[in-house]
Number of protein chains: 2
Amino acid sequence: MSKPTTRDLAAAAGVSLATVDRVLNGRDGVRAKTIEKVNAAIHDIGFVRDQTAATLARKRFYYFVFVLPDRQDEFLSLIVSSVAEAGRALRHERVTARTLRVPTNDPHSVVQALGALARDGVDGVAVMAPETPQTRDAIQRVRDQGIAVVTFVADQPNAARDRFIGINDVDAGRTAATLIGRFCGAAPGTVLVIAETIQSRDSLDRRHGFDAVVQQDFPHLHASPTIETYADSARTERVLSNALAATPDLRAIYLMSSASAAALSALDAHGVAPDCVVIAHELTSLTRQSLISGRLSAVITQDIGHLVRSALRVLRAKAENAPTVESQERIRIEILLEANLPRLEETPEVSG
Amino acid sequence: MSKPTTRDLAAAAGVSLATVDRVLNGRDGVRAKTIEKVNAAIHDIGFVRDQTAATLARKRFYYFVFVLPDRQDEFLSLIVSSVAEAGRALRHERVTARTLRVPTNDPHSVVQALGALARDGVDGVAVMAPETPQTRDAIQRVRDQGIAVVTFVADQPNAARDRFIGINDVDAGRTAATLIGRFCGAAPGTVLVIAETIQSRDSLDRRHGFDAVVQQDFPHLHASPTIETYADSARTERVLSNALAATPDLRAIYLMSSASAAALSALDAHGVAPDCVVIAHELTSLTRQSLISGRLSAVITQDIGHLVRSALRVLRAKAENAPTVESQERIRIEILLEANLPRLEETPEVSG
DNA sequence: TTGTAAGCGTTATCAT
DNA sequence: ATGATAACGCTTACAA
């Protein structure tokens, strides 16, 4: 026999389809006793609802929004195009995905963006923004409105989000330190640590993991204080140039932020020693190129397509009140060398 | 307006639902002229069929089989449980997945297993077996019977499979060489290369990539001829012990096969120098443990869950004649250090 | 060669 | 508080 349907369930419980549906979806207007009966029958015949049929019958469209920083770097534009691509692929599964850029460093903007969601009929949101008391509250309010919320790439551990989609930044920092330590060998020297800003949680976490491993496993290396670039290329050029001049025993450089373009070109301009180990985050056309040219020794990254699809799957599952397969949603900290760089496909698109 | 349906399409083309369906599914019994009309209308109104509704209406169940080697190692049992898990998750999406263990080194057994598929009503098969003329022909026959075929983990490039699900082994070998080269530093020495057998394509490919990188980027290292263990622990113990004794300048060991248990325990027994770089393939409880203990420097792996889900998605898409999202099906060559080891979850199961 | 109508397993709108 | 019954968008006998 094939899987039991709602009809079988209705028969088994001695009620109508409508009542079964009410119980299944927790709608009210059913006597406690009837609920019992139905639940017993569910258990009895091993009923599990067919999600696809449910989605079809609901004739409902889901609308998801990614709230992302408005800063312009390649990592973010890759996310944006990945959302667009996923949106295209899901258009025919009743899902719409949009992207909303806001100055996420201004909590007020984030709060405002989140506040507008309910009015726009949004079913779920993925937020990439630093945690502040204001955003925390806003997330709480959004969820109270029945909208699913995941934090995306940057977690807000104290916010009432449904889930975080991204990697553990402490481990990412530990990974960077391990690579640098092992690539550098036994000779002592200094590692320059460069970040856009040290204010963000991900920078702090990565730095924390990084330092822990350097101290414990590679005590002969000395990690510099974090040099902040403020995403300003003139400043990047200046601070980097100073730092390089002041570091005769330079062995390695850790570019901690996802936007490493400015730093990378400043490095190129200065002509750092070729055996200087350089590690950056996130796979972009620039880091790919640098890996191939040998300027970068390794890149630590998270698969953007996976990130976006995972967020969408989780949001949808929440919206439909359906289960998720946990093992599929774990985002991995990937290490990329020139040797295991994913090959660029002609058409990274939908194909039949 | 919402997306156009088959009804809209029928209206636009001035035909009935049935005719639309015939055209959509390439069934015959439609005049060329009518097909034209429908196709024009499809283009006109931008029709795209709703896959979920189609699957529901087809009231068809899909049955997929994984043909796997019957050899008992942890990598394979992880695949088996992953298939079981995915099967459980897909039970309610009209998909059944089973696993079939055969002595894949015997082409005849593989041919026989593949031959039985059609009789069992299988809709698609994932095959992990070495390529031989016999298996190649068998795959051709299976496809001629309308069954979708993917090669799995081990490709058969010359077979008429629909697709290969797995990593590029040449790149995997290059990755191993890069890690070993960079972890070893500048001092010369020997790298021991150990494999179950050198006969398999994946061993050959990995070895090929490995040698290319060692020669080009790390000429001060010398890679030993491949030492074969034949998956026999007594033999492993013996050949490894001989090799270690004969290699005073040992710097690194590359365990090229997915089953490294025997070699790893032989290494433990012999007490290799702690700074000897050891790299293995595939994440198992043993390699995880060895990474944590420091016995292994790195593990090169492919995500088993991803592998299995990808195979299932592709087989299903073929069976339903639906498109796939390419970017989702690219299997990555992952590098795992202790620092980026995926955390073990309490329940790697389905959760709500 | 083409069309009509009855489902697929849910949900939603009415009645009762 | 509960039950018929008509959708949802597609496929599939069975007719014509």
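Hydrogens, waters and symmetry mates play no part in the numbers below; they use all other heavy atoms, side chains included. Throughout, a chain's letter reflects where its sequence line sits, starting with A, and its residues are numbered from 1.
The side chain of B/R27 lies closest to D/dT11 when the candidates are C/dT2, D/dG3, D/dT11.
Residue-level contact check: A/T34 touches the backbone only, with heavy atoms under 4.0 Å from sugar-phosphate atoms and none from bases. B/V20 comes within 4.0 angstrom of nothing in the nucleic acid, heavy atoms only.
Contact check on B/R309 versus B/E85 returns no salt bridge, with no Lys/Arg side-chain nitrogen under 4.0 Å from an Asp/Glu carboxylate oxygen. In this structure, B/D28 does not pair ionically with B/R22, as no charged nitrogen and carboxylate oxygen lie closer than 4.0 Å. Ion pairing between a basic and an acidic side chain is recognised when a charged N comes within 4.0 Å of a carboxylate O; A/D303 and A/R332 show no such pairing.
Annotation for B/G166 and B/L307: closest pair CA-CD1, 3.9 Å, computed over non-hydrogen atoms. When all heavy atoms of A/T6 and A/F47 are compared, the closest pair comes out as N-CE1, 3.5 Å. Scanning both residues, B/G46 and B/P4, for their nearest heavy atoms gives O-CG, 3.7 Å. Between B/T324 and B/V314, the closest heavy-atom pair is CG2-CA, 4.3 Å. Counting all heavy atoms, side chain and backbone alike, A/V80 lies closest to A/L68 at CG2-CD1, 4.0 Å. Annotation for A/A97 and A/L312: closest pair CB-CD1, 4.2 Å, computed over non-hydrogen atoms.
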With 3.5 Å as the limit, what N/O pairs link the protein to nucleotides 8-10 of chain C?
| residue | atom | partner | partner atom | Å |
| --- | --- | --- | --- | --- |
| C/dC8 | O2 | B/A57 | N | 3.2 |
| C/dT10 | OP1 | A/D50 | N | 3.0 |
| C/dT10 | OP2 | A/T6 | N | 2.6 |
| C/dT10 | OP2 | A/T6 | OG1 | 2.7 |

Grab the N/O contacts between the protein and nucleotides 13-16 of chain C below 3.5 Å, and write none if there aren't any.
none

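In terms of position on DNA chain D, the residue among B/R60 and A/G29 whose nearest nucleotide sits closer to the 5' end is A/G29.
End-to-end axis angle for the helix from C/dT1-D/dA16 to C/dT16-D/dA1, using five pairs per end and rounding to 10°, comes out at 40°.
For the pair A/L9 CG and C/dT11 C1', the interatomic distance rounds to 14 Å; values are reported in whole Å. The interatomic distance linking B/E36 (CD) with C/dT1 (C1') rounds to 16 Å, in whole Å.
In this structure, A/T19 reaches the D/dG3 phosphate: one of its side-chain N or O atoms is under 4.0 Å from OP1 or OP2.
Counted by atom type alone, B/Q156 and B/T135 present one or more donor-acceptor pairs between their side chains at under 3.5 Å.
If you take CG on B/N25 and CD on B/E320, they are separated by 11.0 Å, rounding to the nearest 0.5 Å.
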